[in-house]
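Below: the structure, in structure tokens.
Note that ligands are numbered from 1 as they come in the structure, with each ligand's atoms numbered from 1 the same way. Nothing here was measured: the structure is a model prediction, and the numbers come from that model.
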Amino acid sequence: MNPRTIFRPLLVSLAALGISAGLYTRAQAGGGHYFPPVQDPATLAECGSCHLAYPASMLPAAAWQKMMGELNQHFGEDASLDPQTTAAITRYLMANAGDAAGSAYGRKLLRGVAVGAAPQRITTLPTWVQEHRKVPKTDWSKPEVGSKANCAACHQDAERGYFDDDN
Ligand code: HEC
Ligand code: HEC
């Protein structure tokens, strides 16, 4: 069975719930933390089907390169694509990475990440952990959140690139 078909409706319904559930810690839009949303159509389609198409500026180029080389074992899912699409998405993500063209946006989030390191999760970056330290533990386990990676459950405007803290 194609894992994509199982996974997609689940995340879509989680996101839909998140919008109406009124999380106590919901992070609202308006100013502050902007990460340009993915514009490249292939990346948006292929990397936005199971979860938010995470902005390229949120990880360094080496991280995207490593991830794109291991898509057949992507966090327990097979997310592999044909070689041309893989190469095109890799180019887009690396060019716009937080230590490349996206550095104006990603620099703060990537603070504390060693040069050349390839962290595979945004949610374990030191700055991300620091920014979320006050979020109550119980919020992460709410059914409408489900995972730290489900940014849009709390950041209503995540798809437009806004991750603000004026909740
Ligand atoms: C078949 C479903 C699927 C597809 C397609 C997919 N992913 Fe994922 N991705 C996952 C799962 C599952 C996780 C782990 C989510 C969690 O921890 O809740 C994940 C996690 C991630 C994370 C880490 C999130 C964090 O915790 O900070 C990144 C970055 C990521 N994916 C990028 C991509 C990119 C880039 C693509 C496109 C090449 C892609 N994903 C396509 C299923 C998918
Ligand atoms: C359970 C809800 C929740 C989830 C899920 C969540 N966040 Fe947050 N996030 C918050 C809250 C609340 C704040 C503000 C924290 C504070 O000010 O103490 C925040 C702050 C931030 C900030 C800092 C904004 C600023 O203005 O300082 C960034 C960037 C951010 N989140 C990105 C993300 C990303 C990327 C994801 C997904 C990979 C994510 N968040 C997932 C609730 C969440």
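Neither the backbone nor the side chain of K142 has a heavy atom within less than 4.0 Å of ligand 2. Contact annotation for S49 and ligand 1: only side-chain heavy atoms (C-beta onward) come within less than 4.0 Å of the ligand. With a 4.0 Å heavy-atom cut-off, ligand 2 is reached by the side chain of M58 but not by its N, CA, C or O. Residue contacts with ligand 1, taken as heavy atom pairs separated by less than 4.0 Å, involve E77 solely via side-chain atoms from C-beta onward. Counting heavy atoms under 4.0 Å from ligand 2, residue T123 touches it through the side chain alone. Contacts with ligand 1 closer than 4.0 Å are made by side-chain heavy atoms of L93 only, the backbone lying farther away. Residue contacts with ligand 1 for M68 involve side-chain atoms from C-beta outward but no N, CA, C or O (heavy atoms, distance under 4.0 Å).
Residues passing the ring-ring contact (aromatic ring centres under 6.0 Å, His included) test with Y92, sequence neighbours excluded: none. The side-chain contact (heavy atoms from CB on, under 4.5 Å) test applied to T123 returns R121, W128, K148, not counting sequence neighbours.
Considering all non-hydrogen atoms of both residues, T86 and L81 come closest at OG1-O, 3.3 Å. Contact record, P55 with W64: O-CZ2, 3.7 Å, taken as the closest heavy-atom pair. Taking every heavy atom of both residues into account, Q65 and T90 meet most closely at CA-CG2, 4.4 Å. Between L59 and P119, the shortest heavy-atom distance links the atoms CD2-O, 3.7 Å. Summarising the geometry of L125 relative to M58, their closest heavy-atom pair is CD1-O, 3.4 Å, with the distance given to 0.1 Å.
If you number the atoms of ligand 1 from 1 as listed, the ones under 4.0 Å from a heavy atom of E46 come out as 5 (C), 37 (C), 41 (C). Remark: ligand 2 atoms within the under-4.0 Å shell around heavy atoms of K148 are 5 (C), 37 (C), 38 (C), 41 (C). Here is the list of ligand 2 atoms found below 4.0 Å of a heavy atom in F35: 29 (C). Under a 4.0 Å criterion applied to the non-hydrogen atoms of N150, ligand 2 contributes the atoms 5 (C). Per-residue contacts place C154 under 4.0 angstrom from the following atoms of ligand 2 (heavy atoms of the residue considered): 1 (C), 2 (C), 3 (C), 4 (C), 5 (C), 42 (C), 43 (C). For ligand 2, the atoms closer than 4.0 angstrom to any heavy atom of V135 are 11 (C), 12 (C).
Not one N, O or S atom of C151 sits under 2.8 Å from atom 8 (Fe) of ligand 2. Between atom 8 (Fe) of ligand 1 and H51 there is an N/O/S contact shorter than 2.8 Å.
By heavy-atom distance, the residue among H74, Q120, R121 lying nearest atom 33 (C) of ligand 1 is H74. In this comparison of H33, H132, Q130, the heavy atom closest to atom 30 (C) of ligand 2 sits on H132.
Assignment of W128 to the shell around ligand 1 is not supported, since no heavy atom sits closer than 4.0 Å.
Although no hydrogens or angles enter the test, the distance criterion places no donor-acceptor pair under 3.5 Å between the side chain of D157 and the main chain of R160. D164 contributes a side-chain N or O that, together with a main-chain N or O of H33, makes up a donor-acceptor pair within less than 3.5 Å.
Between E131 and ligand 2, at least one pair of N/O atoms sits closer than 3.5 Å. For ligand 2, the polar-atom distance check finds no N/O of W140 at less than 3.5 Å from any of the ligand's N/O atoms. In terms of polar-atom proximity, defined here as any N/O pair under 3.5 Å, F75 makes no such contact with ligand 1. Here's the thing with S147: one of its N/O atoms is less than 3.5 angstrom from an N/O atom of ligand 1. The shortest N or O to N or O distance between W64 and ligand 1 is not below 3.5 Å. The shortest N/O to N/O separation between Y54 and ligand 2 does not fall below 3.5 Å.
Between H51 and H74, the ring-plane angle classifies as tilted under the 30° and 60° cut-offs. By the 30° and 60° cut-offs, the orientation of the rings of F35 relative to F163 is perpendicular.
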Determine, step by step, whether V38 and C47 satisfy the side chain to side chain contact (heavy atoms under 4.5 Å, CB included) criterion, reporting the C-alpha distance in whole Å, the side-chain angles of both residues, the deciding distance to 0.1 Å, and the verdict.
CA-CA 9 Å; V38 168; C47 306; over 6 Å; no

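Residues N150 and S147 have side chains that never bring a donor and an acceptor to within less than 3.5 angstrom of each other.
A 4.5 Å side-chain heavy-atom check between E131 and K108 finds at least one atom pair inside the cut-off.
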